[in-house]
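Just below is one structure, and these are the notes that go with it.
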Amino acid sequence: AASDLGTWSQDLTISGLNNAADYRRCLGYLGDISVVRQVAVTSARGGSAVFSLVLSASPQYLEEALAGSRHFEPDEESDRYLLLP
């Protein structure tokens with residue numbers, strides 16, 4: 001719907017980042033999601049990172065894309081996503 005279009009900011013925490021290659025992979029996967037305009041790492045600690053995303057559509061579309069992804073798995077207990085191998 002037209003009301004779903006615009007610009008939104010969304011922070012997303014992803015764990016399972018064990019090395020620089022995992023960070024690069026994660027940045028690449030997030031950048032390839034159609035509603036993601038921009039990705040930046042705002043903090044990183046202990047194998048997880050918070051990514052700041054600028055979206056071109058409602059965050060609901062990001063959640064749908066992540067739910068159908070082969071690269072991320074939701075962690076229901078911590079409201080994070082896990083980067084899959």
Side-chain angles (χ1 to χ4, degrees):
S3 64
D4 291 342
L5 300 177
T7 302
W8 284 263
S9 295
Q10 177 81 24
D11 285 342
L12 183 68
T13 303
I14 299 183
S15 59
L17 306 172
N18 299 313
N19 53 46
D22 288 345
Y23 281 95
R24 283 192 302 272
R25 239 179 1 115
C26 192
L27 283 168
Y29 295 151
L30 291 172
D32 285 344
I33 297 173
S34 64
V35 299
V36 176
R37 285 187 182 169
Q38 191 175 15
V39 181
V41 177
T42 57
S43 66
R45 186 171 137 184
S48 67
V50 177
F51 294 86
S52 177
L53 308 176
V54 175
L55 308 175
S56 61
S58 166
Q60 169 190 346
Y61 294 102
L62 173 65
E63 291 173 16
E64 290 173 4
L66 290 171
S69 172
R70 301 170 303 170
H71 308 295
F72 303 103
E73 178 178 275
D75 181 351
E76 306 296 331
E77 295 178 14
S78 65
D79 197 30
R80 298 174 177 220
Y81 284 86
L82 173 66
L83 178 65
L84 298 173

Mind checking the [atom1]-[atom2] spacing from [X] to [Y]? Nearest 0.5 Å is all I need.
{"X": "I14", "Y": "S48", "atom1": "CD1", "atom2": "OG", "answer": "10.0 Å"}
{"X": "L66", "Y": "Y81", "atom1": "CG", "atom2": "OH", "answer": "4.5 Å"}
{"X": "L30", "Y": "S52", "atom1": "CG", "atom2": "OG", "answer": "11.0 Å"}
{"X": "L53", "Y": "S9", "atom1": "CG", "atom2": "OG", "answer": "9.0 Å"}
{"X": "I33", "Y": "L12", "atom1": "CD1", "atom2": "CG", "answer": "8.0 Å"}

Practice problem: Please list all pairs passing the salt bridge (charged side-chain N to carboxylate O under 4.0 Å, His left out) test where one or both residues lie in residues 19-32, with sequence neighbours left out. | Solution: D22-R25
Quiz item: Which residue pairs pass the salt bridge (charged side-chain N to carboxylate O under 4.0 Å, His left out) test when at least one of the two sits in residues 49-70, sequence neighbours left out?
Solution: none
Exercise. Kindly indicate, with the supporting measurements, whether the criterion side chain to side chain contact (heavy atoms under 4.5 Å, CB included) is fulfilled by T13 and D79.
Key: CA-CA 8 Å; T13 303; D79 197 30; over 6 Å; no
Quiz item: Between S56 (side chain) and R37 (backbone), is there a donor-acceptor pair under 3.5 Å?
Solution: no
Exercise. Just do the side chain to side chain contact (heavy atoms under 4.5 Å, CB included) check on V41 and V50 with the steps written out, would you?
Key: CA-CA 6 Å; V41 177; V50 177; over 6 Å; no
Practice problem: Identify whether Y23 and L84 are in the same connected component of the hydrophobic contact network (ILVMFWY, side-chain heavy atoms under 4.5 Å). | Solution: no
Quiz item: Do L82 and F51 sit in the same hydrophobic cluster, where Ile, Leu, Val, Met, Phe, Trp and Tyr count as joined when their side-chain heavy atoms come under 4.5 Å apart?
Solution: no
Self-check item: Within 6.0 angstrom of D11 CG, more than 12 heavy atoms from elsewhere
Solution: yes
Self-check item: Ring geometry between Y29 and F72 (parallel below 30°, tilted from 30 to 60°, perpendicular above 60°)
Solution: perpendicular
Exercise. Could you tell me which non-hydrogen atom of V35 sits nearest to which non-hydrogen atom of A57, and how far apart they are?
Key: CG1-CB, 3.9 Å
